[in-house]
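Heads up: the structure comes next, in structure tokens.
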Amino acid sequence: MSTGPVAQFGVLGVQGKRDWPCLTLEESTEVLEFFQGIARPCHVAWHSMRPFSAVARVQLEGQGECLLKRHHVTLRSVKSLENEHNFVKYLYHRGLAVSPPLRTHDGHTALQMGDWTYEVFLPAKGTDLYRDVMSWRPYFSSQQAYGAGKALGALHLAAADYAGPARCEEEPAPLVSGMQAIAQPELIPALRQWVARQPYMLPALVNRAWERDVQDVLVPFHQVLQPLLPHIVPAWGHGDWHGSNLLWNVDSVCSILDFGMADRTCAPFDLAVALERAVVDWLALPVVGGIAWEQAEAFLAGYQSVRQLSDVECRQVVAFLPLVHVEFALSEVGYYATLVKDPASAEVAYTDYLLGHGRWFAYGEGKMLLDKLPAMLRRTRRGWSQHDDT
């Protein structure tokens, strides 16, 4: 398969067709003129394979390089990006290893030009070990899982006092890891209202019996979450925690990348997202043996060596796990069906992702993971035998 600049990660693996065109040197030169302290670009050295936006590493004349990221304006407005950037800057000032966005000459951290919005970052420290690895793949080792858990625990401690508003308060926020609907007492009415506010969602779902499907597959899990909802402590989280959004020094996390799916949720939700992203090898299913059990335990031990979970938070993690994908999966359906005109990927997002992941948790290994997770969470409070928690 091609891994060149035109390749992209899709819903089923590496694909040749990209959702959005690669950034060119001409475009990069035009955009970077608006940002402070950036020399003239001389070469576009690398294009990310990640979907939903275009990201390039741009070499600068006599000044190293920068990362330039371009979004379609319907997915990320300047206001939405600057809301995200405020969270990143807060973490930076709290001492976390994040890369704050660069500013334009008029003081903004995002720029709109025509149908596109742009953001720019200087390179972060560390090795991009997972650059060519899709999401939903386990870590390379339990040691790296432990390191990733520690880093997420530190992020949640730093984020606890951040009072920034949720992304959706002033405008819809597609393609984020959110719990605007699943954190409401009744799932289907909440999703109905949420869908109505999302760009491109209603046309994508008009011919689907989505409320019936949600009732059959997802409402039983939501009923487990319902009694825990009053105990949620809102906080911003990363929203897409997995190996390729981290830079590494062997087994330790050096830098945290890509807050594009971040939102105001809560720490147990964000921890469940991290487990969903990297503990189950979704792309290998339905083959039995897709759960990285030792890595799951290592990740939780690393997390709790930094930030110990309360009893109610442990129950929330388990209850959130089969539901954290719901709003993002529905948003993907709208994105593929109506914005990038890819009905085959929309079908995968609906059938295999939204419903398929829910069904997996109801039986077999998925149910086993939910059943074993409470004991694993209790056990990892005491650390992990392969590591010293100091």
Side-chain angles (χ1 to χ4, degrees), residues 19-48 50 52-125 158-159 161-176 199 236 238-240 245 255-264 339:
D19 294 344
W20 307 110
C22 291
L23 288 151
T24 64
L25 180 59
E26 180 182 10
E27 180 182 8
S28 301
T29 301
E30 183 179 7
V31 170
L32 291 175
E33 287 181 351
F34 288 88
F35 285 84
Q36 299 176 12
I38 294 291
R40 183 177 178 82
C42 59
H43 178 57
V44 179
W46 168 82
H47 300 278
S48 173
R50 307 286 160 188
F52 310 128
S53 63
V55 182
R57 190 173 70 241
V58 181
Q59 292 183 351
L60 308 171
E61 292 180 352
Q63 192 191 328
E65 58 187 28
C66 69
L67 286 176
L68 176 60
K69 189 170 186 177
R70 184 228 291 137
H71 309 264
H72 195 270
V73 70
T74 57
L75 299 176
R76 294 293 180 268
S77 66
V78 168
K79 181 179 292 185
S80 176
L81 284 177
E82 292 192 328
N83 193 3
E84 171 191 325
H85 294 165
N86 288 338
F87 178 50
V88 175
K89 289 185 289 184
Y90 180 87
L91 295 177
Y92 178 78
H93 291 301
R94 295 293 299 268
L96 260 70
V98 298
S99 183
L102 301 185
R103 293 185 177 275
T104 62
H105 294 296
D106 59 1
H108 288 280
T109 55
L111 171 72
Q112 181 177 344
M113 295 178 63
D115 290 335
W116 307 110
T117 49
Y118 299 87
E119 51 185 334
V120 183
F121 302 86
L122 294 180
K125 294 180 180 179
D161 295 329
Y162 180 67
R167 294 184 100 136
C168 66
E169 285 195 8
E170 296 184 355
E171 60 184 40
L175 296 174
V176 301
W236 271 69
H238 183 274
D240 193 26
N245 281 336
S255 300
I256 303 165
L257 308 175
D258 197 353
F259 287 77
M261 298 180 192
D263 199 2
R264 188 166 179 82
L339 186 57

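Predicted, not measured: the structure shown is a model, and the values here were computed from it.
- Taking CE of M261 as the reference point, atom CZ of F52 lies at 5.5 Å (rounded to 0.5 Å).
- T109 contributes no side-chain N or O that, together with a main-chain N or O of L102, makes up a donor-acceptor pair within less than 3.5 Å.
- Distance check: C42 SG to Q59 CD gives 5.5 Å after rounding to the nearest 0.5 Å.
- With hydrogens and angles disregarded, a donor-acceptor distance shorter than 3.5 Å links the side chain of N86 to the backbone of E82.
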Check your understanding: Between F34 and M113, is a side chain to side chain contact (heavy atoms under 4.5 Å, CB included) present by the stated rule, with each step listed?
Key -> CA-CA 11 Å; F34 288 88; M113 295 178 63; 4.1 Å; yes

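- When all heavy atoms are compared, the tightest approach of P41 to L25 is CB-CD1, 3.8 Å.
- Using modelled atom types, one side-chain atom of R76 and one backbone atom of G260 make a donor-acceptor pair closer than 3.5 Å.
- Judged purely by atom type and a 3.5 angstrom limit, H238 uses its side chain to pair as donor or acceptor with the backbone of D240.
- Between E65 and L122, the shortest heavy-atom contact is O-CD2, 4.1 Å.
- Using a 4.5 Å heavy-atom cutoff, the side chains of P101 and E119 are not in contact.
- Between R70 and E27, at least one side-chain N (NZ, or NE/NH1/NH2) sits under 4.0 Å from a carboxylate O, which counts as a salt bridge.
- Using the six-membered ring where Trp is involved, Y162 and F87 have ring planes that are tilted, between 30° and 60° apart.
- D115 pairs by the side chain to side chain contact (heavy atoms under 4.5 Å, CB included) definition with H72, not counting sequence neighbours.
- At least one donor-acceptor pair under 3.5 Å links the side chain of S255 to the backbone N or O of K125.
- Contact of the H105 side chain with the E33 side chain is not registered, since no non-hydrogen atoms from C-beta on lie closer than 4.5 Å.
- Residue E61 qualifies as enclosed at atom CD: its count of foreign heavy atoms under 6.0 Å is above 12.
- The main-chain N or O of T104 is found under 3.5 Å from a side-chain atom of Q36 such that the two form a donor-acceptor pair.
- Judged by distance alone, with hydrogens and angles left aside, the side-chain atoms of E84 form no donor-acceptor pair with the main-chain N or O of A262 at under 3.5 Å.
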Practice item. Start with the C-alpha distance between L111 and F35, add both sets of side-chain angles, then the distance that settles side chain to side chain contact (heavy atoms under 4.5 Å, CB included), and finish with yes or no. Key: CA-CA 9 Å; L111 171 72; F35 285 84; 4.1 Å; yes

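- Here the closest non-hydrogen pair linking A39 and L60 is O-CD2, 3.5 Å.
- Residues V55 and L68 have side chains not in contact (no heavy-atom distance under 4.5 Å, counting atoms from C-beta outward).
- Proximity of S80 to E171: side-chain heavy atoms (C-beta onward) are separated by under 4.5 Å at one or more points.
- Y118 has its side chain out of reach of H71: every pair of non-hydrogen atoms, C-beta onward, lies at least 4.5 Å apart.
- Two residues are said to be in side-chain contact when any heavy atoms from C-beta on lie closer than 4.5 Å; V58 and L67 fail this criterion.
- Counting all heavy atoms, side chain and backbone alike, L23 lies closest to A54 at CD1-O, 3.7 Å.
- Note that CG of L81 and OG1 of T117 are 5.0 Å apart. Values are rounded to the nearest 0.5 Å.
- Side-chain contact between C66 and L32 is present, with heavy atoms from C-beta onward closer than 4.5 Å.
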Practice item. Apply side chain to side chain contact (heavy atoms under 4.5 Å, CB included) to V44 and T24, showing your working. Key: CA-CA 7 Å; V44 179; T24 64; 5.9 Å; no

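- Taking both residues in full, the closest heavy atoms of Y90 and A158 are given as CE2-O, 3.2 Å, listed atom of the first, atom of the second, then distance.
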Exercise for review: Output, in order, the C-alpha distance, side-chain angles, deciding distance and verdict of side chain to side chain contact (heavy atoms under 4.5 Å, CB included) for I256 and N245.
Suggested key: CA-CA 6 Å; I256 303 165; N245 281 336; over 6 Å; no

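- Between V176 and R167, the shortest heavy-atom contact is CG1-CD, 3.8 Å.
- With rounding to the nearest 0.5 Å, the separation of CH2 in W236 from CG in L91 is 10.0 Å.
- Contact check on R50 versus D258 returns no salt bridge, with no Lys/Arg side-chain nitrogen under 4.0 Å from an Asp/Glu carboxylate oxygen.
- Contact annotation: the side chain of F259 approaches that of V98 to within less than 4.5 Å [non-hydrogen atoms, C-beta and beyond].
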